[in-house]
Undergrad: 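Before anything else, here's the structure in question.
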Amino acid sequence: MNATIEKAVGLLEILPENDQNFVLEFIKKLVIAWDPDFIKLTPSEREELEEIDRDIAKNGTIPHESINWD
């Protein structure tokens, strides 16, 4: 976990539960203001998608008809 996030979680844990809920709702509002359509990726999400793209480029994909969908 990122050091900044760890510090924030540590501070959040100090607060009473009802204040923790207030902070959580505030963080949600900040995220929505930053990305109202939820289309931006976090650094870890970006890395995961890049890893998937590298894997597909190297190994290809499974043909749709090869999957037993039942």
Side-chain angles (χ1 to χ4, degrees):
M1 186 181 322
N2 177 308
T4 302
I5 294 172
E6 288 178 9
K7 288 178 188 176
V9 169
L11 291 171
L12 186 60
E13 290 176 332
I14 295 170
L15 296 172
E17 188 174 341
N18 64 333
D19 290 337
Q20 289 178 12
N21 292 331
F22 170 80
V23 172
L24 178 61
E25 292 305 313
F26 181 73
I27 291 171
K28 287 179 187 177
K29 289 182 182 197
L30 286 175
V31 170
I32 291 170
W34 172 72
D35 185 11
D37 297 322
F38 294 100
I39 57 171
K40 295 179 185 173
L41 299 174
T42 65
S44 61
E45 290 171 329
R46 167 78 57 207
E47 177 55 36
E48 184 177 353
L49 285 177
E50 289 172 357
E51 183 179 334
I52 291 167
D53 287 340
R54 287 189 297 270
D55 183 62
I56 290 171
K58 179 180 177 185
N59 301 311
T61 59
I62 298 170
H64 184 82
E65 60 276 358
S66 296
I67 299 172
N68 180 357
W69 296 97
D70 295 325

Undergrad: Any carboxylate oxygen within less than 4.0 angstrom of a Lys/Arg side-chain nitrogen, looking at Glu47 and Arg54?
TA: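 Looking at Arg54 together with Glu47, the answer is yes, because their closest N to O distance falls below 4.0 Å.
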Undergrad: Run the side chain to side chain donor-acceptor pair (under 3.5 Å) test against Lys28 and tell me which residues pass, sequence neighbours left out.
TA: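 Result, side chain to side chain donor-acceptor pair (under 3.5 Å) vs Lys28: Glu25.
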Undergrad: Please indicate whether Ile62 has more than 12 foreign heavy atoms, meaning atoms of other residues, nucleotides or ligands, lying under 6.0 Å from its CD1.
TA: no
Undergrad: So how far is it from Leu12 CG to Ile5 CD1, rounded to the nearest 0.5 Å?
TA: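 Atom-to-atom, Leu12:CG and Ile5:CD1 are 12.5 Å apart.
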Undergrad: Nearest 0.5 Å, what's the CD1-CD distance between Ile56 and Glu51?
TA: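 Separation between the atoms: 11.0 Å.
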Undergrad: With side-chain contact (heavy atoms from CB on, under 4.5 Å) as the test, would you mind laying out the steps for Lys29 and Ile32 before giving the verdict?
TA: CA-CA 5 Å; Lys29 289 182 182 197; Ile32 291 170; 5.8 Å; no
Undergrad: Is Val31 reachable from Leu41 through a run of hydrophobic residues whose side-chain heavy atoms are each under 4.5 Å from the next?
TA: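 They do not share one cluster, since no chain of ILVMFWY contacts under 4.5 Å joins Leu41 to Val31.
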Undergrad: Can Trp69 and His64 be said to form a side-chain contact (heavy atoms from CB on, under 4.5 Å), step by step?
TA: CA-CA 9 Å; Trp69 296 97; His64 184 82; 3.6 Å; yes
Undergrad: Does atom CD of Glu17 have more than 12 heavy-atom neighbours from other groups under 6.0 Å away?
TA: no
Undergrad: Can you tell me how far NZ of Lys7 sits from OG1 of Thr4, rounded to the nearest 0.5 angstrom?
TA: 6.0 Å
Undergrad: Are any side-chain N or O atoms of Asp37 and backbone N or O atoms of Ile39, one a donor and one an acceptor, separated by less than 3.5 Å?
TA: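 Side chain of Asp37 to backbone of Ile39: no pair is present.
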Undergrad: Using side-chain heavy atoms (C-beta onward) and a distance below 4.5 Å, is Val9 in contact with Glu6?
TA: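 Counting from C-beta outward, Val9 and Glu6 never come under 4.5 Å.
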Undergrad: Roughly how far, to the nearest 0.5 Å, is CD of Glu13 from CD of Gln20?
TA: 7.5 Å
